[in-house]
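First comes the structure, then the notes that go with it.
Hydrogens, waters and symmetry mates play no part in the numbers below; they use all other heavy atoms, side chains included. Order of the sequence lines sets the chain letters (A, B, ...), proteins ahead of strands, with each chain counted from 1.
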2 protein chains.
Amino acid sequence: MDTTLRQTLHRRGLRMTPQRQLVLDAVRDLGHATPEQICAQVQSAAPAVNITTVYRTLDLLERLGMVRHTHLGHGAPTYSEQEHTHVHLVCHSCGAVTEAQTDLMDDLAARLRRECDFELDVTHVALSGRCGRCIERPSDEEEHQ
Amino acid sequence: MDTTLRQTLHRRGLRMTPQRQLVLDAVRDLGHATPEQICAQVQSAAPAVNITTVYRTLDLLERLGMVRHTHLGHGAPTYSEQEHTHVHLVCHSCGAVTEAQTDLMDDLAARLRRECDFELDVTHVALSGRCGRCIERPSDEEEHQ
DNA sequence: CTAAATGCAAATAATTTGCGGGGAG
DNA sequence: CTCCCCGCAAATTATTTGCATTTAG
C-alpha cells in the first residue's frame, strides 16, 4: 500500500512493520488527533498495539518528515500529515478547530521576515480566538464580572 | 503595595493573602514563566508555599483577569500580566522567545473576521518559526538525513 | 466565629525509559 | 546470528483533588 513509507524506512536501515503502517494510516484518517486518539484508532484494528509504540512511531514518523505535530492550545499536541498544510483556528470557547488557507498568513509572514527577522512556520501552532457561532451566542463564559 | 489585587479580591468576597501577592509579583517579575518557574521564584521568598497553591492562585488570577496564559509551543503554558499584550514569536530551533507588537496582526485579524468569521485572540498562542540567528547559522538541525 | 485559603499527601494524566523476547534479514 | 522493534511494567513529569488545619475579615 504505502510504498513511500516502506522506502523511506528502508533508506535509513529501518524496518517496515504493521504498527508503523497502522499509525500512519490513523494519522491520515483522523486528520489531526492526539496520540491517545491515534492509539484508539490503531487499537480498533489491532488491539495488542501498545500506546508506547504509538508515541515512538509518531516520533519516528515526524523525524522522517511524514507527519507533523501542531499545538492546538491546551493539552496534547495533535498530529497530521506533513502535506496537510493549513492554519488551525481554535475557538477557545467551544474548542472547535477550523482550518484556513496558509496564504492568509502570507502578508504577516512577509512582515515578520522583514521587520522582525523571523521565519514564520505557519502550521506548527494554532491561532486562538472565538468562532462565529460562539460570537453570536450571548454565552456567559468565564468572566461573569 | 498592590491595592488593585486586594480590591479585586474584596469585590468578589475573596481574601488577600501573602501567597497571592507573591504569585502575582512573580508573574510580573518573570515576564512569562511556567507554573514551576513561578513557584521557584515564590519559594525563594517564602519557602513554605506549596506548588499546589501556585497552581490554584494562577488559576484564580486568571479568572480575575489579572494574568493570562500563553501556549508557547511545547510543555507547560506560561503566565504573564494581562497588560503585557503582544505576540510571542518562538524559535523552535533555539527556543528563544521574542515579542512583537500586536498591530502586526491587525490585518490578519481583520481578514479572519471577514473571511473566516473568526475573532482572533492574538495573545493566547505563540507564533512558531525560526529566529534570525538560527536562520544565519548553518545549523545541522533535526533532519541529518 | 465562619468561610475561604493553605499545605500535604495521594490521585490522575501524559509521556518516557529500561528491559527481555521475538522476528526480519 | 545480530540488531531492530515491540510489549510490558515501572519511572517521570505535570497537574488536580480530598481533607484537615489555619487564618483573614
Check every strand shown and say whether B:Pro77 touches a base, only sugar-phosphate, or nothing at a heavy-atom separation below 4.0 Å. sugar-phosphate
Roughly how many Å is it from [atom1] in [X] to [atom2] in [N], rounded to a whole number?
X       : N      : atom1 : atom2 : value
B:Ile51 : D:dT15 : CD1   : C1'   : 8 Å
A:Glu36 : C:dT16 : CD    : C1'   : 14 Å
B:Leu24 : C:dA5  : CG    : C1'   : 17 Å
A:Leu22 : D:dC5  : CG    : C1'   : 15 Å
B:Asp59 : C:dA5  : CG    : C1'   : 14 Å
B:Leu58 : C:dA5  : CG    : P     : 15 Å
A:Leu9  : D:dC3  : CG    : C1'   : 16 Å
A:His10 : D:dC4  : NE2   : P     : 13 Å

Pair [X], [Y]: side-chain N/O donor-acceptor within cut-off below 3.5 Å:
X        : Y       : value
B:His69  : B:Glu62 : yes
B:Arg68  : B:Ser80 : no
B:Ser128 : B:His92 : yes
B:His32  : B:Glu99 : yes

Using the side-chain heavy atoms of B:Arg20, tell me which of these nucleotides is nearest: D:dC6, C:dT6, C:dT15. C:dT6
Check every atom of C:dA5, D:dC5, C:dT6 against the side chain of B:Leu14 and return the nucleotide holding the closest atom. C:dA5
On DNA chain D, does the nearest nucleotide to B:Met16 precede the nearest nucleotide to A:Leu60 from the 5' side, or the other way round? Give the residue. A:Leu60
Keeping the roles fixed (side chain from B:Thr53, backbone from B:Val49), state whether a donor-acceptor pair exists under 3.5 Å. no
Any side-chain N or O of [X] less than 4.0 Å from the OP1 or OP2 oxygen of [N]?
X       : N      : answer
A:Arg56 : D:dC6  : no
A:Thr53 : D:dC6  : no
B:Tyr55 : D:dT16 : no
B:Thr52 : D:dT17 : no

Can a donor-acceptor pair under 3.5 Å be found between the side-chain atoms of A:Arg12 and the base atoms of D:dC4? no
Side chain of A:Arg15, base of D:dC4: donor and acceptor closer than 3.5 Å? yes
In this structure, would A:Leu9 and A:Val27 fall into the same cluster of hydrophobic residues linked by side-chain contacts under 4.5 Å? yes
Out of curiosity, does B:Tyr55 fall in the hydrophobic cluster containing B:Leu72 (side-chain heavy atoms, cut-off under 4.5 Å, transitive links)? no
Could you check which residues of residues 37-50 of chain B get a heavy atom under 4.0 Å from DNA chain C? Sort them by number, please. B:Ala48, B:Val49, B:Asn50
Run the salt-bridge test on A:Asp59 and A:Arg63 with the 4.0 Å N-O cut-off and return the result as yes or no. yes
